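What follows is a short report on a single structure.
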Amino acid sequence: MPAFSFSTAVIDTVRGRAALADPACGGYATFEGWVRDHNEGRAVRRLEYEAYAALAEREGERIVAEAIAKFGVQHAACVHRVGDLDLGEMAVWVGVSSRHRAEAFAACRYIIDEVKHRVPIWKKEHYVDGDSGWVNCERCASPGAHEGHADHAVPRATGDRQEHGSGQVHAHAAMTSSHAAADFSRQIALPEVGAAGQRRLRAGSVLVIGAGGLGVPVLQYLAAAGVGRIGIVDGDVVEASNLHRQPLYGVADIGKSKAAAAAARLRQLNPEVTVAVHAERAVAGNLVDWLARYDLAVDCSDNFATKFTVNDAAVILGKPAVFASVYQYEGQLQVYLPREDWPCLRCLWPEAPRDGLVGNCAQAGVLGPVPAALGAMQAMQALKILLGLPVESAPALHVFDLLGMHWRSLKAARNPACDHSPRDLQTDAIDPAALELEYPTLAAARAAGLTLVDIREPWERAMDDPAARIEWHLPLSALLQGATALPPAGRYLIVCAHGVRSLALAGHLRSLGYPAVFSLAGGLAAVAG
Amino acid sequence: MKKVTLQYFAVLREQAGCSEERLETAAATLAGLYAEVQARHGFTLPLSMLRVAVNEEFRDWSSPLESSDRVVFIPPVAGG
């Protein structure tokens, strides 16, 4: 029996139960979702379910596998009906067997919630009054919807019933109680978003590297969609030659920091968004530190060195990254997801290309809508990641030709020869045998290509100037307990107050096989600023 | 001889002067095919910097070339 399947016939729960039976298991939990006779005050006569089967089965199997890994249960399975269903019929079945009951309940709940939210299934309700409409299949993800109903509980409206649907109005009011300006109703109306999805966006955070032709639409659409926190990395100033393809800026912005000017415009667009400005070029030494505070990276940079630095930071931290590049009328789009089977940028381009060999926008020329189109697609991929929706059915490099209007999706695979580890980082000559390194400032250490890790305890950090803090914080106590760990691929400078604990930890990590871990000599007491 | 369709992107498109061409070739592998068109169009990018896809899937340069293959040469691009 597959972990996740669709059924056109009545779900056979006896067979499902038998498939999960195991003498080692003392508990078996199931969930059944039934077709109910009403929704939003309208009497329902029957239902029709439709799924995008290839994608839905893969995502469903992933969810079941996640539940088994997350809760340590022995077996789990889910079956969803498709086609016509009458009142009272079972629409979905989840079964979990485990050694003890608590994990079985938790895994069962997890599977049904995630299936509702992530698996592309559509439901058409046929009402007693003869009307019908396609509605959301993401109901259980909303808090309060679980109590009292087996299924189909959250009231909501679809586009064709907005006049008399009350769900959309409620969702809108709930999301915008503090600011009258923001109205997300048109995206909340989407089955894949809903009120729960909007909350995910609001809780989400994205670091955008580059605020140029790609970055402008990315920043605009993420802020407008209600993403809660956005970081902007760009060390450049606005130039007159930027405006034709970066219409977030105006003539009055020429000469100003791009990151700061973009942040100001985003706050006007959506005052609810929190915007952080990093008006510096992204390098290996600072990017991991910054990205650690965000859910994902969107690479909108215009050079290979930065793109590979973003890739390395995402790999080190295990965060998704959305890449795009343009050349004249063409664009390339690729998403990195932190999964075993997913290729990184280095899998695709084992020989990191050197800047200068292929042209940039200044040399080769570009029309504004080309980066705008690619940037809009990056924003779309970023929103899907935040919403927990399937990003794409399989990893691919998407190649767009906007002059000829061709789009090719080239299947990309994990390169077995690629170890996903950072290379070609901008480093000074650091003696790999040295364990302690001296730097006059933290900025100098970052410029040398090192990722700074503050291992002091939280109470020690509490006294710092927040603006001067090292953002990546892994307290030594947590590291020693094994509660957290440094990813092995990376070049680290361990920092503590006086350089004693950091030296001990660096030596310990070297003995564990970490190739590039160093200690800041003298600790924070020895550096300025 | 094998009849194949070639597609070029970015700087290769500029240097070839077209985005697509059909050609008959005796090349046994994808590397051989690139060497052939590189000589004809004067492509400046070395093979090691490119990726090649056949029928929408990335392939190794040593992969054999089949008749009616649709071959795409892709250089990395960085503009933003």
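Throughout, a chain's letter reflects where its sequence line sits, starting with A, and its residues are numbered from 1. Hydrogens, waters and symmetry mates play no part in the numbers below; they use all other heavy atoms, side chains included. Bear in mind that the values here come from a model prediction, so they are computed numbers and not experimental data.
One finds the NE2 atom of H406(A) at 6.0 Å from the CD atom of Q7(B) (value rounded to the nearest 0.5 Å). Note: Y329(A) OH to F9(B) CZ = 15.5 Å, rounded to the nearest 0.5 Å. Considering OH of Y8(B) and CD of E330(A), their distance stands at 13.5 Å, rounded to 0.5 Å. Note: Q328(A) CD to R13(B) CZ = 5.5 Å, rounded to the nearest 0.5 Å. To the nearest 0.5 angstrom, L397(A) atom CG is 9.0 Å from R51(B) atom CZ.
Two residues are said to be in side-chain contact when any heavy atoms from C-beta on lie closer than 4.5 Å; V399(A) and V72(B) fail this criterion.
By the 6.0 Å contact criterion, CZ on F43(B) is enclosed, its count of non-hydrogen atoms from other residues, nucleotides or ligands being greater than 12. Residue M405(A) qualifies as open at atom CE: its count of foreign heavy atoms under 6.0 Å is 12 or below.
Using a 4.5 Å cut-off between heavy atoms, L348(A) touches chain B through backbone and side chain atoms alike. Heavy-atom distances place no part of E20(B) under 4.5 Å from chain A, backbone and side chain included. In this structure, the portions of A10(B) lying under 4.5 Å from any heavy atom of chain A include both its backbone and its side chain. For chain A, the nearby part of R70(B) is the side chain; its heavy atoms alone come within less than 4.5 Å. For a residue to count as touching a neighbouring chain, one of its non-hydrogen atoms must lie under 4.5 Å from one of that chain's; by this rule L50(B) touches chain A with the backbone only.
Of all heavy-atom pairs spanning A53(B) and L410(A), the tightest one is CB-CD2, 3.7 Å. Between M49(B) and W349(A), the closest heavy-atom pair is O-CZ3, 3.6 Å. For the residue pair V77(B) and Y327(A), the shortest heavy atom distance occurs at CG1-CB, 3.6 Å.
Chain B forms more heavy-atom pairs under 4.5 Å with one residue of S301(A), G210(A), P371(A) than with any other, namely S301(A). The greatest number of non-hydrogen atom pairs below 4.5 Å with chain B, out of G331(A), G404(A), S325(A), is found for S325(A).
Between the Q332(A) side chain and the P75(B) main chain, a donor and an acceptor come within less than 3.5 Å of each other.
Under the 4.0 Å criterion applied to side-chain N and carboxylate O atoms, E56(B) and K411(A) are not assigned as salt-bridge partners.
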